Amino acid sequence: MKKIWLISIILSCAIIFSSCGSGESPNQTPSDTNSGEREEIGIALPFSSTDSLNPYIAVTKVNQELSMLLYDPLVKLDDAFSPVYFLADEISIDKQRVTVTLKDVRFTDSTLLTADDVKYSFNQAKKTDNKYKSQFDNIKACSIFDQKTIIFDLYKHDPYFVNLLDFPIFKNGTAETKDSNDRTIPPIGCGRYVIDSENSFRLIPNKSYYNGKAKFDYISLIDTPDNESLSHMVEVNAVDMIYSEFSDNTIPKMNGTQKSIPLTNIVYLGMNKNNHLLSKTEMRVAISAALSRAEIVKSAYFSFATAATGIFPANWKEANELQHISSEQNIKQVVAYLEQLGYNSKDTDGYYVAQTGERITFTLLYNKENISRKLAAELIAQQLKQVGIEIIITEAESFKDYSQMIQNNDYDIYIGEIKLNKNMDLRDVFLKNVIPGVSETYTSEMISAFYENNADISTVISACVSEMPIIPLCNRKGVFVYSNAVEDIKISISDIYTDL
């Protein structure tokens, strides 16, 4: 049955491709036909026909990604998490007020983009459970100053709030537009592409696009209603691009070029401060110095991560020159910190022992469902053994069991992961006790001071390194694969198709 089903998929792809204008493969290179006209150049992308292309309603990952071809945001982030202005012309921050001035841009129906459209899109995003909703927790009000200026008033000062303005913008009042058959149609946008009026499974360039020319003459949309069909389409090369956040540790099975996309995900070691040794700063810093983060990245995350250099993602432009945690093991530092704690001798197995003969021993918890954490746990145990610290690995059968064990303090150390918002705000993580035991630390005090304009970012970074309330291991990356027929492209955390 699977073979028959797969053959039918391939045949359906051929039918879709043949309806895309040129009669050639969508991956063809430019050439002159006998008539002297340039042949169309196109690609094929995954799409769910049962889901919406409205970015605030879409539930499938493929449609959320595609929607960014139809709708531009105020800004997009580059690979250093720095904002690049798109619909925004100027943005200024004065304490808790952010003022955005718009460019002169027209929607695909030729109407001019206004502040009403931005406010409308903001309200659409805020009322949904989509991924954009969490970006707006700090927004007290969104108001219109004039038709080219919109104002965001914040509850609390946020120097990097601009990074959160990458939400898609569409025309006021078009979110619930329906066709003659009473089916909801995508809102009107001002992005690089529009849906072909003659073929709903095809995108064509927006001829009035304000920011340059689209890369392709058309994009064929290949229907992938579920993960199984998507996997098959990828394996048979029916689509030209696929993206994965690598959260399930699987790389898409597609021939082509692989690129990694920096994420704001931080993998770390959490400490149970109820353990008398782990409550001591010297022990936490010693454990950090004992780790080879480079080896963890290579062997546990298959290089789809970057060794952590501090509390913030290593490639974030605002912090990358201020963070200096080593990616390699430093045994001399480990010995020095353990000596400060009174550990000067080892037992016959090479583990440090107290005067009572008791070893330095900790349990290390991870959830079994995540293969990278399993591999990381094994590596960490080996690396700490090399410096004389014993680790007993505890494997939770499920993420639910793992979470419950952390809640019950049934661990010494655990491997965890947090995903920061794009403004790198640490307040939710450190001040709301998302990570157990860190809300009353010196680091959390410095984080509060930073957002109250009483400390700079270097103070936050230094506090984390000197106190080590958590031990950063690495920053995860997503993986983007595109076919060999596609030229080298740029990618963005805000929009994986940003260069199309």
Side-chain angles (χ1 to χ4, degrees), residues 45-76 86-87 105 107-109 111 113-137 139 142 150 152 164-197 199-204 206 219-227 229-230 233 239 241-245 247 419 421-422 478 492-498 500:
L45 297 179
F47 160 74
S48 174
S49 63
T50 59
D51 191 18
S52 174
L53 280 173
N54 179 329
Y56 303 128
I57 297 176
V59 295
T60 59
K61 184 173 71 73
V62 291
N63 279 27
Q64 289 173 359
E65 293 162 356
L66 272 173
S67 70
M68 294 304 292
L69 292 171
L70 305 178
Y71 312 101
D72 270 1
L74 297 171
V75 304
K76 293 182 185 180
F86 273 70
L87 297 181
V105 174
F107 288 105
T108 54
D109 67 350
T111 57
L113 168 74
T114 69
D116 296 282
D117 304 307
V118 177
K119 183 176 180 179
Y120 176 74
S121 301
F122 165 78
N123 288 332
Q124 291 291 314
K126 192 171 184 178
K127 71 181 183 181
T128 69
D129 290 327
N130 204 284
K131 62 179 181 178
Y132 298 100
K133 183 179 180 180
S134 64
Q135 297 184 189
F136 304 139
D137 288 345
I139 299 178
C142 173
I150 190 136
F152 297 94
L164 302 179
L165 297 178
D166 67 345
F167 61 98
I169 307 297
F170 43 75
K171 185 176 178 178
N172 186 3
T174 63
E176 287 149 18
T177 307
K178 295 187 177 182
D179 62 14
S180 58
N181 295 315
D182 200 38
R183 295 175 301 189
T184 301
I185 60 177
I188 295 173
C190 52
R192 290 151 285 167
Y193 292 85
V194 297
I195 296 174
D196 190 341
S197 60
N199 184 350
S200 60
F201 278 68
R202 172 172 155 133
L203 303 182
I204 56 177
N206 172 6
I219 296 174
S220 297
L221 305 182
I222 307 302
D223 196 13
T224 55
D226 52 44
N227 288 333
S229 62
L230 176 60
M233 289 299 189
V239 295
M241 298 180 182
I242 187 70
Y243 171 66
S244 169
E245 284 201 351
S247 56
K419 183 179 180 67
N421 255 330
K422 295 167 190 172
S492 163
I493 189 176
S494 297
D495 174 11
I496 63 166
Y497 297 135
T498 193
L500 302 190

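Because the structure is predicted, anything quoted here is derived from the model rather than measured.
- When the side chain to side chain contact (heavy atoms under 4.5 Å, CB included) test is applied to A175, the partners found at least two apart in sequence or on another chain are N54, Y120, Q124, F170.
- Applying the side chain to side chain donor-acceptor pair (under 3.5 Å) criterion to N421, with sequence neighbours excluded, gives no partner residue.
- Under the rule for a side chain to side chain contact (heavy atoms under 4.5 Å, CB included), the partners of N123 that lie at least two apart in sequence or sit in another chain are K119.
- Residues passing the ring-ring contact (aromatic ring centres under 6.0 Å, His included) test with Y497, sequence neighbours excluded: none.
- Here salt bridge (Lys or Arg N to Asp or Glu O under 4.0 Å) pairs that include residues 52-63, with residues two or more places apart or in two chains, are K61-E65.
- Residues F201 and S49 share a closest heavy-atom pair of CZ-CB, 3.9 Å.
- In terms of heavy-atom proximity, A58 sits nearest to Q64 at O-NE2, 3.0 Å.
- Within the 4.5 Å cutoff, the side chain of V105 has no heavy atoms near those of the D72 side chain.
- Between the CE atom in M68 and the CD1 atom in I496 there is a gap of 10.5 Å [rounded to 0.5 Å].
- Considering every non-hydrogen atom in both R192 and L500, the closest pair reads NH1-N, 3.7 Å.
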### Message
Assess the residue pair L221 and L203 against the criterion (side chain to side chain contact (heavy atoms under 4.5 Å, CB included)); give the C-alpha distance rounded to whole Å, side-chain angles, the decisive distance to 0.1 Å, and a yes or no.
### Response
CA-CA 8 Å; L221 305 182; L203 303 182; 4.1 Å; yes
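- Summarising the geometry of P46 relative to L66, their closest heavy-atom pair is O-CD1, 3.2 Å, with the distance given to 0.1 Å.
- Separating the CD1 atom in I219 from the CD1 atom in I195 is a distance of 11.5 Å, to the nearest 0.5 Å.
- In terms of the side chain to side chain donor-acceptor pair (under 3.5 Å) criterion, residue partners of D166 (sequence neighbours excluded) are, by chain and number, Q135, K422, S494.
- Here S197 pairs with nothing under the side chain to side chain donor-acceptor pair (under 3.5 Å) rule; sequence neighbours left out.
- The OG atom of S200 sits 11.5 Å away from atom CD1 of I185, with the distance rounded to the nearest 0.5 Å.
- Across N206 and G191, no two heavy atoms sit closer than the pair ND2-O, 2.9 Å.
- Qualifying ring-ring contact (aromatic ring centres under 6.0 Å, His included) partners for F107, counting only residues two or more places apart in sequence or in other chains: none.
- Residues satisfying the side chain to side chain contact (heavy atoms under 4.5 Å, CB included) criterion with S67, sequence neighbours excluded, are P55, Y71.
- Taking the salt bridge (charged side-chain N to carboxylate O under 4.0 Å, His left out) definition, one finds that D51 meets it with nothing, sequence neighbours left out.
- Shortest non-hydrogen contact noted between K126 and I139 is NZ-O, 3.7 Å.
- At a cut-off of 3.5 Å, with distance as the only test, no side-chain donor of N63 or S48 sits close to an acceptor on the other residue.
- Here D116 pairs with nothing under the salt bridge (charged side-chain N to carboxylate O under 4.0 Å, His left out) rule; sequence neighbours left out.
- To the nearest 0.5 angstrom, L113 atom CG is 5.5 Å from L87 atom CG.
- The salt bridge (charged side-chain N to carboxylate O under 4.0 Å, His left out) check on K171 picks up D109, with sequence neighbours excluded.
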### Task
Show the numbers, then the answer: is there a side chain to side chain contact (heavy atoms under 4.5 Å, CB included) between T111 and D117?
CA-CA 11 Å; T111 57; D117 304 307; over 6 Å; no
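- One finds the CG atom of D223 at 6.5 Å from the CZ atom of F47 (value rounded to the nearest 0.5 Å).
- To the nearest 0.5 angstrom, I188 atom CD1 is 5.5 Å from T108 atom OG1.
- The only option from F152, Y56, F122 that meets the ring-ring contact (aromatic ring centres under 6.0 Å, His included) definition with F136 turns out to be F122.
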